[in-house]
Amino acid sequence: MNAPLPTLPQPRPSVTAIEAYVPGKSAATGGAKVHKLSSNETPLGPSPKAVEAFKAAASDMFLYPEGSARVLREAIGRRYGLDPEQILCGNGSDEVLHMLAQVYLGPGDEGLYSQYGFLEYPIVIRAAGATPVVAPEKDYVADVDALLARVTARTKLVYLANPNNPTGTYLPFAEVKRLHAGLPSHVLLVLDAAYAEYVTRNDYAAGIELVATSNNVVMTRTFSKIHGLANLRIGWAYAPSAVIDALNRVRAPFNLNGPGIAAGAAAIADAAHVDAAMAHNSRWMEWLVKELTALGVPTTPSVGNFLLLHFASQGAKSAAAADAYLSARGFILRAVGAYGLPDCLRMTIGSEEANRGVVDALKTFMAGGK
Ligand SMILES: Cc1ncc(COP(=O)(O)O)c(C=O)c1O
């Protein structure tokens with residue numbers, strides 16, 4: 001008689017229900033020089049001061065880091081005029097988004113987000129055992145009324161990426177305040193401002209003022225985008241003291257590493273590097289929109305460091321065909337079918353060479369050339 005099969009450890013059903021996050025590609029299909037435009041990294045790279053600080057801290061790698069990332073929290077505090085005690089750092093803002101779900105959501109609760117919102121949200125909501133609820137958007141922009149209409153007695157947390165990835169659209173601060181005003185006071189509003197530094201609109205605010213004047217708002221930020229430190233995994237939250245206290249209870253004791261903390265502190269103090277990245281982005285965003293529109297590739301108006309390009313739904317000029325065509329030439333864009341946008345590709349604003357290269361390649365592609 002065969003021995004009965006052993007029962008294997010089983011993940012919680014809410015974990016099995018998660019569709020694992022698929023990061024942007026990083027390799028081209030052909031042998032061409034690779035321009036990675038799939039993860040919204042900066043073409044300017046990190047501040048040289050951050051690299052120096054990283055190297056100087058490297059010889060201490062045998063020591064545990066200071067657990068609360070105090071030096072980094074103080075540097076962030078200086079930059080934005082915030083109390084470091086109300087800042088919590090994470091291993092990327094991804095970790096902060098996870099911690100928020102872990103702390104404020106559980107089975108039976110609902111986490112709310114917007115139709116084309118960042119795909120981490122359903123993952124972290126499910127990972128906490130809660131139920132993701134999605135509100136439809138209008139013209140690829142989060143819709144405050146639709147979000148508020150989906151708030152129930154079970155809603156505990158709302159994630160809003162502002163600006164949003166992958167659409168690049170944003171909600172003016174007045175709309176964010178209207179969303180907040182419509183939420184019950186026990187619902188936590190998480191303003192994910194990963195791309196805030198790129199925004200040049202004067203009706204936009206990342207959320208510092210709203211955090212400071214309420215008890216149920218958190219703003220998250222990252223060093224992965226304009227600061228060029230994606231590889232070091234550094235993010236942070238500015239939140240009411242009670243939220244920081246709760247997050248610190250679940251935070252892994254040494255969730256950031258020493259060289260990362262040192263590099264982050266140097267990066268945020270290097271205003272000239274940030275300004276250069278912003279200027280580069282604004283210049284090339286404007287150029288790309290104009291060129292792509294002229295080629296018959298419409299883009300969604302974006303305030304971030306990336307663009308959503310729209311292609312035909314089928315045939316030789318589809319997003320999938322464009323993706324294959326560009327990949328073979330070394331231009332790696334982000335397919336966004338997982339976001340429910342199968343006819344689109346997301347493109348990071350790259351170096352001059354990359355931007356011109358994509359436009360040149362798409363010129364031939366759209367003309368039906370090989
Ligand atoms: C809207 C948004 N939030 C958060 C993140 C996570 O960034 P990180 O974990 O690198 O800080 C990203 C990264 O792409 C993002 O687009």
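Each ligand, and each atom within it, is numbered from 1 in the order the structure gives. This chain uses plain numbering: 1 for the first residue, then up along the sequence.
For atom 4 (C) of ligand 1, the choice among Phe223, Phe118, Trp236 with the nearest heavy atom turns out to be Phe118.
Considering backbone and side-chain N/O atoms, Asp192 comes within less than 3.5 Å of an N/O atom of ligand 1. Between Ser39 and ligand 1, no pair of N/O atoms sits closer than 3.5 Å. In terms of N/O distances under 3.5 Å, ligand 1 is approached by Tyr195. Of the polar atoms of Tyr21, none of the N or O atoms is found under 3.5 Å from an N or O of ligand 1, judged by distance alone.
For ligand 1, the atoms lying closer than 4.0 Å to a non-hydrogen atom of Asn165 are 1 (C), 14 (O), 15 (C), 16 (O). For ligand 1, the atoms closer than 4.0 angstrom to any heavy atom of Arg233 are 8 (P), 9 (O), 10 (O). Taking every heavy atom of Gly92 and a limit of under 4.0 angstrom, the matching atoms of ligand 1 come to 9 (O), 11 (O). Heavy-atom proximity to Ala194, at under 4.0 Å, picks out these atoms of ligand 1: 2 (C), 3 (N).
Protein heavy atom in closest approach to atom 14 (O) of ligand 1: Lys225 NZ, 2.9 Å. Of the protein's non-hydrogen atoms, the one nearest atom 7 (O) of ligand 1 is Ser93 OG, 3.3 Å. Protein heavy atom nearest atom 10 (O) of ligand 1, with residue, atom name and distance: Ser224 OG, 2.5 Å.
At distances below 3.5 Å, not a single donor-acceptor pair connects side-chain atoms of Ser39 with backbone N or O atoms of Glu41. In this structure a side-chain-to-backbone donor-acceptor pair under 3.5 Å is present from Asn162 to Leu171.
Between Glu74 and Arg70 there is a salt bridge, with a side-chain nitrogen of the basic residue lying less than 4.0 Å from a carboxylate oxygen of the acidic one. A salt bridge does not link Glu19 to Arg126: none of the charged side-chain nitrogens sits closer than 4.0 Å to a carboxylate oxygen. Under a 4.0 Å N-O distance rule, the pair Glu175/Arg178 qualifies as a salt bridge.
Cation-pi check for Arg356 over Trp284 is not met; the charged atom does not lie both under 6.0 angstrom from the ring centroid and within 45 degrees of its normal.
Between Tyr113 and Phe118, the gap from one ring centroid to the other reaches at least 6.0 Å.
Classification of the Tyr116-Tyr140 ring pair by plane angle, with boundaries at 30° and 60°, yields tilted.
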